[in-house]
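All values below were derived from every heavy atom in this structure, side-chain atoms included, with hydrogens, water molecules and symmetry-related copies excluded. This chain uses plain numbering: 1 for the first residue, then up along the sequence. Computed from a predicted structure; not experimentally measured.
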Amino acid sequence: MLLELKNLSKKFKISNREKFTALNDINLNFNKGEFVSIVGPSGSGKSTLLNIIAGLDTPTTGELLISGKSSRRFKKKQWDLYRKNNIGFIFQNFNLIEHLTALENVEIVMDLIGLSLSERKRRALLLLKEEGLENHINHRPSELSGGQKQR
């Protein structure tokens, strides 16, 4: 099992006497290669659940097991490596840097993980081509459609 959530709950403190329960006793297993969709109405805890799975938030109770290992005592570096190697984010808002081209926006993430300039460019061009954006590599975000920005 790649990921396992055991009795996971998340409560947010609203005031000294009041708490809001976003997740209540969640038990889930995610296997390698499995495709999973998390759906539900606004406010049902989807983002909270994903933030916990990504290590951006911690559960109030219960635990997240990653490849059978509890993440309770993970240090910052362990979370960083886990996210770098296992988690991909597609944000609702595009989070693109307006003064950079599409190619530069893709390359910047690879720069943060220490890839050489030639390797960054090679991979970024490949990714943009796979997404059908090879003719837009020099366009800035303001010159792209919403769908192109999301890709």
pair E104-K121: side-chain heavy atoms closer than 4.5 Å: no
Polar side-chain atom of R120 near backbone of I108 as donor-acceptor pair, under 3.5 Å: no
Shortest non-hydrogen separation from H136 to A102 and the atoms involved: O-CB, 3.5 Å
CG on L96 to CG on N105, rounded to 0.5 Å: 4.5 Å
L2 vs S67 side-chain heavy atoms within contact, under 4.5 Å: yes
Side chain to side chain contact (heavy atoms under 4.5 Å, CB included) between D25 and L8, intermediate numbers included: CA-CA 5 Å; D25 198 31; L8 197 129; over 6 Å; no
Same apolar cluster (I L V M F W Y, side chains within < 4.5 Å links), V36/L28: yes
Joint hydrophobic cluster, L56 plus L49, side-chain heavy atoms closer than 4.5 Å: yes
F12 six-ring face occupied by K10 cation (under 6.0 Å, within 45°): yes
Donor-acceptor under 3.5 Å (N27 side chain, N7 main chain): yes
Short side-chain to backbone donor-acceptor contact, S15 and E18, under 3.5 Å: yes
Whether E34 side chain and N31 backbone form a donor-acceptor pair below 3.5 Å: yes
Residue pair I66 / W79, side-chain heavy-atom distance below 4.5 Å: yes
Shared hydrophobic cluster for L5 and I87 (ILVMFWY, side-chain gaps under 4.5 Å): yes
Separation between NZ of K13 and NZ of K19, rounded to the nearest 0.5 Å: 7.5 Å
Check: L128 main-chain N/O paired with E131 side-chain donor or acceptor under 3.5 Å: no
Co-membership, hydrophobic cluster, residues I52 and I26, 4.5 Å side-chain: yes
Least distance between heavy atoms, A124 atom then E107 atom: CB-CG, 3.7 Å
Side chains of L3 and L64 in contact at under 4.5 Å (non-hydrogen atoms): yes
Any side-chain heavy-atom pair of I137 and L133 under 4.5 Å: no
S145 side chain vs Q148 backbone, donor-acceptor pair below 3.5 Å: yes
Reported NZ-to-CG distance for the pair K75 and L81, which is rounded to 0.5 angstrom: 14.0 Å
Side chains of E4 and F30 in contact at under 4.5 Å (non-hydrogen atoms): no
Flag side-chain contact, heavy atom, 4.5 Å: I38 against L50: yes
Student check: side-chain heavy atoms of L65 and K6 closer than 4.5 Å: yes
Shared hydrophobic cluster for I113 and L103 (ILVMFWY, side-chain gaps under 4.5 Å): yes
Test side chain to side chain contact (heavy atoms under 4.5 Å, CB included) applied to L125 and E134, step by step: CA-CA 7 Å; L125 286 168; E134 64 270 15; over 6 Å; no
Pair E98 + R140: basic N to acidic O under 4.0 Å: no
Whether S9 side chain and T60 backbone form a donor-acceptor pair below 3.5 Å: no
Ion pair R122/E119, N-O distance below 4.0 Å: yes
salt_bridge(D80, K84) N-O dist < 4.0 Å: no
Shortest non-hydrogen contact between N138 and T101, atoms and distance: O-CG2, 3.6 Å
Check: T61 main-chain N/O paired with K11 side-chain donor or acceptor under 3.5 Å: no
Atom of Y82, atom of I53 and distance for their closest heavy-atom approach: OH-O, 2.8 Å
Nearest atoms (heavy-atom pairs only) where L23 meets G45: CD2-O, 3.6 Å
Distance-minimising heavy-atom pair for M110 and R123: SD-CB, 3.6 Å
